[in-house]
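Heads up: the structure comes next, in structure tokens.
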Amino acid sequence: MGAIDDLLGRAQGEPIPGGCEQCDAEQTLELVTPNVWTVVVRHDDWCPFIRSRQAAMN
């Protein structure tokens with residue numbers, strides 16, 4: 001692993017509050033492949049933003 005992976009790896013999976021103005025979402029850092037990271041936002045089930053997104057896909 002590289003220096004970036006080592007640094008971000010310490011925070012991987014740790015919840016970071018925020019990420020949505022409409023619910024109490026949490027964010028986590030996830031390793032996709034070496035040197036490629038993504039931020040995953042997990043919304044509350046009742047979140048109006050995520051419900052509108054799901055409705056638009058159906």
Side-chain angles (χ1 to χ4, degrees):
M1 287 176 106
I4 296 292
D5 286 345
D6 291 340
L7 178 65
L8 294 177
R10 295 181 205 145
Q12 183 176 6
E14 292 295 318
I16 304 164
C20 181
E21 295 178 0
Q22 299 181 17
C23 75
D24 297 322
E26 290 185 337
Q27 304 171 73
T28 56
L29 288 170
E30 302 293 334
L31 180 65
V32 177
T33 61
N35 299 315
V36 177
W37 290 82
T38 189
V39 175
V40 177
V41 179
R42 290 180 177 82
H43 296 264
D44 291 324
D45 292 337
W46 53 265
C47 178
F49 171 78
I50 205 69
R51 285 184 178 233
S52 67
R53 297 277 304 212
Q54 291 171 338
M57 286 191 234
N58 290 329

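In what follows, residues are counted from 1 in the order of the sequence shown.
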- prompt: How long is the gap from CG on Leu8 to CG on Leu31, to the nearest 0.5 Å?
  reply: 9.0 Å

message: I need the minimum non-hydrogen distance between Glu30 and Gly13, along with the two atoms involved.
response: OE2-CA, 4.2 Å

statement: CD of Gln27 to NE2 of His43, rounded to nearest 0.5 Å, is 9.0 Å

field: 4.5 Å side-chain heavy-atom contact, Glu21 and Phe49
entry: no

query: Without hydrogens or angle criteria, can the side chains of Thr28 and Glu26 be said to hold a donor-acceptor pair below 3.5 Å?
result: no

query: Closest heavy-atom contact between Cys47 and Cys20?
result: SG-SG, 3.7 Å

query: Testing Ile50, Asp45, Asp44, Val41 for side chain to side chain contact (heavy atoms under 4.5 Å, CB included) with Cys23, which one passes?
result: Asp44

